[in-house]
4 protein chains.
Amino acid sequence: MKLAMVGLGRMGANIVRRLMRGGHECVVYDVNPDAIAALVAEGAIGATDYADLAAKLEGPRVIWLMIPAGLTGRVVDELSEVLQPGDIIIDGGNSNYRDDVRRAKALREKGLNYVDVGTSGGVFGLERGYCLMVGGPDEAFATITPILQTIAPGVGDVERTPGRTGELAPEELGFLHCGPSGAGHFVKMVHNGIEYGVMAALAEGLNLLENADAGIREAEHSAEVAPLEEPEYYQFDIDTPKVAELWRRGSVISSWLLDLTAAALQGNPTLQGLAGRVSDSGEGRWTVKAAVDVGVPVPVLAASLFERFASRDEDLFANQVLSAMRLQFGGHKELPAGDVLEAGGNKADHA
Amino acid sequence: MKLAMVGLGRMGANIVRRLMRGGHECVVYDVNPDAIAALVAEGAIGATDYADLAAKLEGPRVIWLMIPAGLTGRVVDELSEVLQPGDIIIDGGNSNYRDDVRRAKALREKGLNYVDVGTSGGVFGLERGYCLMVGGPDEAFATITPILQTIAPGVGDVERTPGRTGELAPEELGFLHCGPSGAGHFVKMVHNGIEYGVMAALAEGLNLLENADAGIREAEHSAEVAPLEEPEYYQFDIDTPKVAELWRRGSVISSWLLDLTAAALQGNPTLQGLAGRVSDSGEGRWTVKAAVDVGVPVPVLAASLFERFASRDEDLFANQVLSAMRLQFGGHKELPAGDVLEAGGNKADHA
Amino acid sequence: MKLAMVGLGRMGANIVRRLMRGGHECVVYDVNPDAIAALVAEGAIGATDYADLAAKLEGPRVIWLMIPAGLTGRVVDELSEVLQPGDIIIDGGNSNYRDDVRRAKALREKGLNYVDVGTSGGVFGLERGYCLMVGGPDEAFATITPILQTIAPGVGDVERTPGRTGELAPEELGFLHCGPSGAGHFVKMVHNGIEYGVMAALAEGLNLLENADAGIREAEHSAEVAPLEEPEYYQFDIDTPKVAELWRRGSVISSWLLDLTAAALQGNPTLQGLAGRVSDSGEGRWTVKAAVDVGVPVPVLAASLFERFASRDEDLFANQVLSAMRLQFGGHKELPAGDVLEAGGNKADHA
Amino acid sequence: MKLAMVGLGRMGANIVRRLMRGGHECVVYDVNPDAIAALVAEGAIGATDYADLAAKLEGPRVIWLMIPAGLTGRVVDELSEVLQPGDIIIDGGNSNYRDDVRRAKALREKGLNYVDVGTSGGVFGLERGYCLMVGGPDEAFATITPILQTIAPGVGDVERTPGRTGELAPEELGFLHCGPSGAGHFVKMVHNGIEYGVMAALAEGLNLLENADAGIREAEHSAEVAPLEEPEYYQFDIDTPKVAELWRRGSVISSWLLDLTAAALQGNPTLQGLAGRVSDSGEGRWTVKAAVDVGVPVPVLAASLFERFASRDEDLFANQVLSAMRLQFGGHKELPAGDVLEAGGNKADHA
């Protein structure tokens, strides 16, 4: 079928390529004319503005937005000016599902359909396909199903889940109608919240492996921390990159994130050059806030989010308060690394 | 090559089967004669006791133990009576790596080699192979490499990590010499610690999906908790089993644990019959204790462990203390489910 | 001075009593006429409705609301109909500070002043005084300062903070102008967030003390959990109520919440009759959400909130998922309490 | 009565002073002769070595050790050479209670009594008294009760717990016989574990207050983090030191640690000069490990410990792993502070 793509960054462009390979016709638009030209060279139809884009489609028009969430509101407003009742706007970006709920309601009053599609797959999606979590009206979902089928990974080489029989369900092909408007981004939000937790579990475990030689390094230990109590049990100089590779085969934690970790450590075994200031996007935060709203305990997901905040020193004032308290009640000075407690120092109230 | 297996429970028996398929000769022993008979019927050589087992092997003898960790100490002691210098005892069970360190040292004094093998793969290992994390002396590792190669999954259909070239390394075949005695179980311990975290991340996220309809259920809401503030954003009746299936293809969190989750939900979509009292084995605990010892922060791994404790009501007294405090400072009574705050009730110090 | 109180529940009535003792004149109103009558008998001036209440005050009128947060919006609207420019509405309840920000803006357009006062002190406030966190315009704060001084605890027997000299500052008397509208409830929100964390720290620690006898109880231990590894170190039958009393004197953790805990345990040493289903009000939730918004890590405050959710079994589906996964990969059945693993059972993949 | 003090650091010396004020006779010893001389000048009896110290006491001798935990084993051994059956060694330092259990057993075989005394009170103990948690044999406890009574705070100005009547119990005077050897340090360990949690709750909350102006600072915001979604709700420039002072009076979280926090912020409102690298002593770690051993969930106590680890950058490798993963799946580069995402950049898989 024919559709338009607005936003030709890496993901938008790759989805267009995947669609064209699948036999769909794509009208493309971006604020950057070079991005349009590049895809036109690959067979897409360029549009000069939203009106031109609308003119190059037939009703019901289908326009897929793949733009930063911060711009979606404005683009939807502008687009809605040139569209007709029955047309469909798809937000494939990373909007907060709450915006979807509001936006869908406003567009519905104009007779326009709004479909939110949470899209996972990263830079590998062009070849691997994108996992698609869809929210919106039934009819619109039915209309765009051919597109979704092309963008999604399909059944691939993933083994069928025991107990499933008969024709393949959409979710087995990598796309799913999750519910009304907002449901797609809600499910994507939770997906990313889980992702934070899984990433943190791997990162914490690998950090422990890296420190399995603490007993060997004990000699250099400062008095800043309590001395290692049983150094004889921490004498392992583990090759962490090899372990990450090992776990890819046959272990219970084999996963795509582990594959990526093994690849990262293969290329850079000591991870030099990475400062470890870990960014976060909105989804991890929204997940925790949604869980708090509905009263679902998510200690793991929240801890993984807070680790990222702390990695960027957002915990600084709290830590200064702790040091200040310790100074008050115990006269504990902060020790510079490498310092040694004076002999005879008594630490009975050290806390 | 020829080796003996002691302990013919599900995992021991399946490893024997996998070894025999790979052309190895297996002498087998268990306290349960039926377990021996079953494998003899499949081609194994039965042993009547440890002396008989030793007699049916040639030096350097290789004996693989696949028994509950609590029995390992006694069995190693008894076996060491009938073995000769140079022989190799492999502990493939779930011992604490600290026991390995001590045991290896004691056996070394008798000239015996001790190799600890952390084994992951579960009930699927017979077909899929087992991921093997090995600790022990270089020479012993070299001797048993043919066995390890057979038990491990091999390269399988896992894509090669970008940047790896040339001959396949052992870790690409699913086994790795992680270091001296104890290193194998140390790495397995951390593996399981990570597994707790990954499982918890998935479980918490799915729980949030299950409660995305809190706004619909709001009418039934009791005063036990604060009322849902924006019910319009929690109107999704998500089909959680379908979402688990969906995420298996193309998503960033695709993983073997997700495959299993999808399978579990396929068979039992509401998980009825499961009380949710989640057991834990030693590894998750040892991981947290090791991290505390060496000063590595593991908030996610620890939170996942504590969730299991709490699932078994080990938090009861703490929760009673909280209710008792609230009763003291605010006169807050615990509200039975379904109760409604009296009109006019003031909750200004509700905490 | 003269003011009105709307809402004569426990806290509203006690604040009126404290104000009258301090020489202020109080007009009182409640939907419940008995509550009005009770305070009239103690010297207050009863009002029959908002118009009557307004008529019994002179401008600038001061009306203090002490009502459930859910009713505040409606009452403010109704009151604003009968007030004059320059009058002051004080919300002393537990509103979300976001409502204050919105409400203050709307009232300002009518020339009315809105002051939010976070009020802490619980059932002890009548005698002990209430800690008051105030947000709103400077002028309105100045106007109501005499009332705040009376309601607040005053300097009491709390030692002066070293370094403070000269005249006592308002914060040393127990009230503080924290900033513009919303700032008072924001600070109160954080206060309650901290309170959750402090309560949880005490509760967790006391739970550990209660279980210091795990080595004695080990014999009854089921296979549901890993066996206690060093029972000889858990042979203490601690008298937890006595320890709570002990810590009140001279220890670093002496605090009012500890005083209350000691009182609760004195009256009910085993806390029988408390089911440990711990309610939460909004502030703990809002604190976590605000921290997530501004990127401040609050792992302790969040964990204390999630413990309360879990105490009410809001973790059920997550725990069922965990059990379901374990069943999948390891064939682990959930063990009923008291069950014992079969001899010969292999737990190598127990996770 | 007469006793000896070994270890004349700040706490040991102050306890001696408190004992002498209470009419007890103190023999004193330290490796530092100046420390001895100082106390002799105040009325204590100096000892030149352990033999001399023993000679200056009568049986049953009572020797109080106030030395770093790392030295206790050696000093106890040396002392036990010069003591007689029935004599009592008190360890008032910060030993791991497990060492007490072992040490008490060894000394009992020589007829010596070992008493462990967890001591809380910090630099304020000289005036305020020390909270004493005691483990050891009944008879030894009875013998040293007069000393404990003098060192403890006594009833002070703490209000009696409602329901307590009659003669004051030891715990109301600030000392308690908690159980057999080890019980004193076990209770002190849990006390410090709680202390970590309470400190963290306060520190996290104050950090949130400090960031209540995030909406004002939003303009400077980099793309490293998700943009603040509702800046209008974070416009408060809170005076955190004043709030800490405020909460000391009448609030539910009034506590000694809050008093100290207010004092610290009074002296240094921005906490400048403190790097926020927070040390930890053994007790917080032992608390978490003990809780893990007995299966008690302590998410708050553990989180407060891990925050300290992270404050010292022990989370570095984990955070590097996270950044490395993000680079793999999303091509996300770590953004230096101040950087801005390029227009048109698509962040759909940002996690």
Side-chain angles (χ1 to χ4, degrees), chain C residues 98 120-121 128-131 153 156 158 161-163 171 174 176 178-179 183 186-187 190 193-195 197-198 200-202 204-205 207-209 211-212 214 225 233-234 236 238 242-243 245-246 248-256 262-263 266-267 291 294-296 298-301 303-304, chain D residues 98 120-121 128-131 153 156 158 161-163 171 174 176 178-179 183 186-187 190 193-195 197-198 200-202 204-205 207-209 211-212 214 225 233-234 236 238 242-243 245-246 248-256 262-263 266-267 291 294-296 298-301 303-304:
Chain C
R98 294 175 164 232
S120 182
R128 196 176 175 244
Y130 299 88
C131 182
V158 177
T161 294
E171 63 268 23
L176 179 67
C178 299
F186 188 93
V187 172
V190 176
I194 293 173
E195 183 183 317
V198 174
L202 285 164
E204 292 181 3
N207 193 12
L208 179 52
L209 285 186
N211 285 282
V225 294
Y233 293 121
Y234 300 100
F236 304 121
I238 307 285
K242 285 188 181 171
V243 171
E245 181 64 40
L246 171 70
R248 298 180 67 212
R249 287 177 188 81
S251 95
V252 172
I253 61 170
S254 57
S255 61
W256 196 55
Q266 168 66 18
V294 298
V296 163
V298 291
V300 160
L301 305 190
S304 66
Chain D
R98 293 175 167 234
S120 182
R128 195 176 176 245
Y130 299 88
C131 181
V158 177
T161 294
E171 63 269 23
L176 179 68
C178 300
F186 187 93
V187 173
V190 176
I194 293 172
E195 184 184 315
V198 174
L202 285 164
E204 292 181 3
N207 192 15
L208 179 51
L209 285 187
N211 285 281
V225 295
Y233 293 122
Y234 299 100
F236 304 121
I238 307 285
K242 286 188 182 171
V243 171
E245 181 66 38
L246 172 70
R248 297 180 67 213
R249 287 179 188 81
S251 96
V252 172
I253 61 170
S254 58
S255 61
W256 195 55
Q266 167 67 21
V294 299
V296 164
V298 290
V300 161
L301 306 189
S304 65

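Owing to the predicted nature of the structure, the values given are computational and were not obtained by experimental measurement. Proteins come first, then strands; the chains are lettered A, B, ... in the order of their sequence lines, and each starts at number 1.
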Quick one: of [options], who has the most non-hydrogen atom pairs under 4.5 Å with chain D?
| options | answer |
| --- | --- |
| C:V158, C:I238, C:V198 | C:V158 |
| C:G197, C:S255, C:A291, C:G250 | C:G250 |
| C:N207, C:V190, C:L208 | C:L208 |
| C:G193, C:A303, C:S251 | C:S251 |

Contact origin within D:F236 toward chain C - heavy atom pairs under 4.5 Å: side chain
Proximity breakdown for D:Q266 and chain C, heavy-atom pairs closer than 4.5 Å: side chain
Side-chain donor or acceptor of D:S120 paired with backbone N/O of C:V252 under 3.5 Å: yes
Side chain C:R249, main chain D:P153, donor-acceptor under 3.5 Å: no
Worked check of side chain to side chain donor-acceptor pair (under 3.5 Å) between C:R248 and D:T161: CA-CA 10 Å; C:R248 298 180 67 212; D:T161 294; 2.7 Å; yes
Pairs of heavy atoms under 4.5 Å with chain C: top-ranked of D:G205, D:A200, D:P162: D:G205
From CG (D:L246) to SG (C:C178), nearest 0.5 Å: 6.5 Å
Validation row: D:R128, C:S254 side chains within 4.5 angstrom (heavy atoms): yes
C:Y233, part contacting chain D, at a heavy-atom distance under 4.5 Å: both
Evaluation steps, side-chain contact (heavy atoms from CB on, under 4.5 Å), between C:F186 and D:L209: CA-CA 8 Å; C:F186 188 93; D:L209 285 187; 4.0 Å; yes
